[in-house]
Amino acid sequence: MASFNRTTLPDNVRTNGATPNPWWANAVVYQIYPRSFQDTNGDGFGDLKGITSRLDYLADLGVDVLWLSPVYKSPQDDNGYDISDYQDIDPLFGTLDDMDELLAEAHKRGIKIVMDLVVNHTSDEHAWFEASKDKNDPHADWYWWRPARPGFEPGTPGAEPNQWGSYFGGSAWEYVPERGEYYFHQFSKKQPDLNWENPAVRRAVYDMMNWWLDRGVDGFRMDVITLISKRIDPAGRLPGEPGSEIADGPVGEEGYSNPNPFCADGPRQDEFLAEMRREVFDGRDGFLTVGEAPGINAQRNEHITDPANGELDMLFLFEHVDCDCDGIKWKPRALDLPALKRIMAGYQTAVAKAGWASLFSGNHDQPRVVSRWGDDSSEENRVRSAKALGLMLHMHRGTPYVYQGEELGMTNAHFTRLDQYRDLETLNAYRQRVEEAKVQSAESIMAGFAARSRDNARTPMQWDASTYAGFTAPDAASEPWISVNPNCAAINAAAEFDDPDSVYGFYKRLIALRHANPVVAAGSWELIDSDDEHVYAFVRTLGDERLLTVVNLSGRTVDLPAESAALLGAVAGDAGEVAADAIVISTYDADHAAASITSGALAPWEGVVVRL
Ligand code: GLC
Ligand code: CA
């Protein structure tokens with residue numbers, strides 16, 4: 001039984017009729033972070049067998065695709081985003097047989113599986129990197145090796161080829177005495193960047209991708225895929241290298257410059273993606289490609305995802321999840337709703353005619369959305385705000401992504417001590433900013449971590465109220481690798497599964513709505529009441545169908561803003577009442593929604609979709 005395309009979509013979903021609809025145009029993707037999803041052997045780490053054992057839950061939720069964060073062989077420096085063998089499964093997660101079983105069982109239920117593809121970098125323990133340390137090996141040029149600056153003792157401060165810092169703290173260059181040179185790493189020093197300028201690197205990547213697709217996987221989520229093409233001068237020198245024609249950027253408060261402007265969306269980005277499409281995907285169907293796309297703006301999203309250009313199906317952009325901090329991640333600030341609306345509107349309009357949008361508010365790198373933009377301080381507001389945020393996102397045009405536990409309204413970890421964190425970005429930031437560069441106080445950064453650390457989304461999935469939340473057996477030999485949120489006593493799948501009023505029940509309805517209503521998947525999108533500080537409102541249109549979504553993203557009762565009120569007034573007519581059957585979906589019950597509209601005010605975190 002295939003669960004795709006439960007309804008027939010009109011022909012203009014992405015391209016105004018130029019090509020047939022892709023199967024994923026009304027699909028919903030669910031992201032699994034395997035290490036935190038379900039442990040089956042009591043070692044405290046989730047595994048592939050655990051995912052297989054939960055497929056019926058995912059089928060019940062109604063999702064079409066699972067994206068698995070990396071399960072390949074890895075030293076686990078960055079929880080698997082550092083891969084030492086692309087064609088094997090890490091023993092932590094199981095075996096290739098377990099992967100084949102998961103694929104078969106998922107496909108039986110009409111669920112596709114998309115793997116994470118991490119090819120901007122490998123692990124420093126990958127055989128390619130090991131070989132690359134030898135200047136005479138054929139792999140010598142597979143990474144970004146550079147000599148020390150002339151006049152400096154290699155390996156001493158200041159000898160690095162340029163001033164780039166890594167996103168995970170410290171220099172982006174690591175010295176290897178064996179080769180007598182430095183290698184470049186945008187992320188941790190155990191994640192050396194591959195040299196995509198080298199055609200042999202690209203060939204090896206495409207071969208590996210084909211091997212997985214032949215094995216039965218249904219596509220890839222491509223990790224930082226917009227960082228693969230670096231800006232170099234005609235002689236191949238990176239910015240700021242001795243003799244380079246390209247100047248380095250300014251040095252920031254931690255003593256390094258930022259490589260991002262020179263590595264994001266580089267000169268050969270489109271060429272590499274189009275080549276990958278030809279070499280890997282041409283001649284196949286039924287797959288999905290989604291690129292993680294730091295540094296890509298809405299207009300470039302249109303270009304990359306326009307099928308006419310043969311690159312990727314969709315991208316994850318980041319402006320909307322970066323808008324609530326002051327440039328520095330660890331200095332969060334309150335959400336400015338009109339700013340968020342402007343960013344989302346920019347995404348939506350850029351792909352109105354061609355290209356496609358992905359829709360997400362959480363993933364394994366982001367805090368939990370209910371704690372971030374909602375309110376998890378009381379049970380009532382947690383449930384209300386989780387539904388309101390889900391409704392807001394899912395009523396946009398594009399492909400929604402649900403991050404594991406989001407459908408339960410899982411919250412941030414609320415850690416208060418550094419030793420509760422596991423994430424290397426978090427731990428490195430503390431060392432760098434508090435201890436070394438002394439640019440932020442311990443108190444301030446701990447508040448920043450509580451709001452923004454990636455570990456907020458990585459605590460174990462809350463299946464039930466038992467010790468360890470059903471993630472692993474209560475008497476398991478090992479504790480979970482990161483602590484379970486104590487709020488699993490109240491927030492868990494067992495408690496929500498059969499309750500239609502739960503966050504889970506609501507997500508189930510949102511997913512079903514997209515499958516059943518072409519206007520939700522494909523209708524045009526128009527923002528209204530853009531300056532309103534509490535209400536997010538927009539209109540979707542497809543043929544004669546028009547849906548108005550109004551969501552109060554605040555904890556107070558608010559008046560309907562002018563444009564929404566006018567549209568709803570027309571629906572209500574002379575009697576001034578909205579019939580309950582005009583309500584398509586609502587976060588409170590339909591009678592409450594109808595009464596709110598009639599009275600012209602929305603209750604705290606109330607959201608409603610009305611057929612106009
Ligand atoms: C992506 C991943 C993140 C990882 C980084 C380096 O941003 O989502 O988890 O740390 O790439 O691979
Ligand atoms: Ca395990």
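Both ligands and their constituent atoms are indexed starting at 1 by order of listing. Note that this is a predicted model, so its numbers are computed, not measured. Numbers here simply count residues along the sequence, with the first being 1.
Restricting D39 to its N, O or S atoms, the one at the least distance from the Ca ion (ligand 2) is OD1. In terms of distance to the Ca ion (ligand 2), the nearest N, O or S atom of D43 is named OD1. With respect to the Ca ion (ligand 2), D47 has OD2 as its nearest N, O or S atom.
Near V224, with a cut-off below 4.0 Å to any heavy atom, the atoms of ligand 1 are 1 (C), 7 (O), 11 (O). Within ligand 1, the atoms closer than 4.0 Å to a non-hydrogen atom of H121 are 6 (C), 12 (O), numbered from 1 in the order shown. Those atoms of ligand 1 with a heavy atom of R454 less than 4.0 angstrom away are 3 (C), 4 (C), 9 (O), 10 (O).
Taking 3.0 Å as the threshold, F45 counts as a candidate ligand of the Ca ion (ligand 2), since one of its N, O or S atoms lies below it. Coordination check, N41 versus the Ca ion (ligand 2): passed, since an N/O/S atom of the residue sits under 3.0 Å.
Under the 3.5 Å distance criterion, with hydrogens and angles disregarded, a donor-acceptor pair is assigned to the side chains of N487 and N485. Checked by atom type, the side-chain pair S123/D82 shows no donor-acceptor distance below 3.5 Å. A donor-acceptor contact under 3.5 angstrom links the side chains of Q31 and H364, judged on distance only.
A cation-pi arrangement is absent between R202 and W196 under the rule of less than 6.0 angstrom and at most 45 degrees off the ring axis. In this structure, R458 forms no cation-pi arrangement with W481, as its terminal cationic atom is not both closer than 6.0 Å to the ring centre and no more than 45° off the ring axis.
Each of F360, W24, F316 was scored for a ring-ring contact (aromatic ring centres under 6.0 Å, His included) with Y401, with one residue passing: F316.
A heavy-atom separation below 4.0 Å is not found between E425 and ligand 1. Remark: distances from the non-hydrogen atoms of F168 to ligand 1 include one below 4.0 Å. Ligand 1 has at least one atom lying under 4.0 Å from a heavy atom of Q191. Heavy atoms of R221 approach ligand 1 to within less than 4.0 angstrom.
If you look at W330 and F449, their ring centroids are closer than 6.0 Å.
When atom types are taken as modelled, the side chain of S36 and the backbone of M461 share no donor-acceptor pair closer than 3.5 angstrom.
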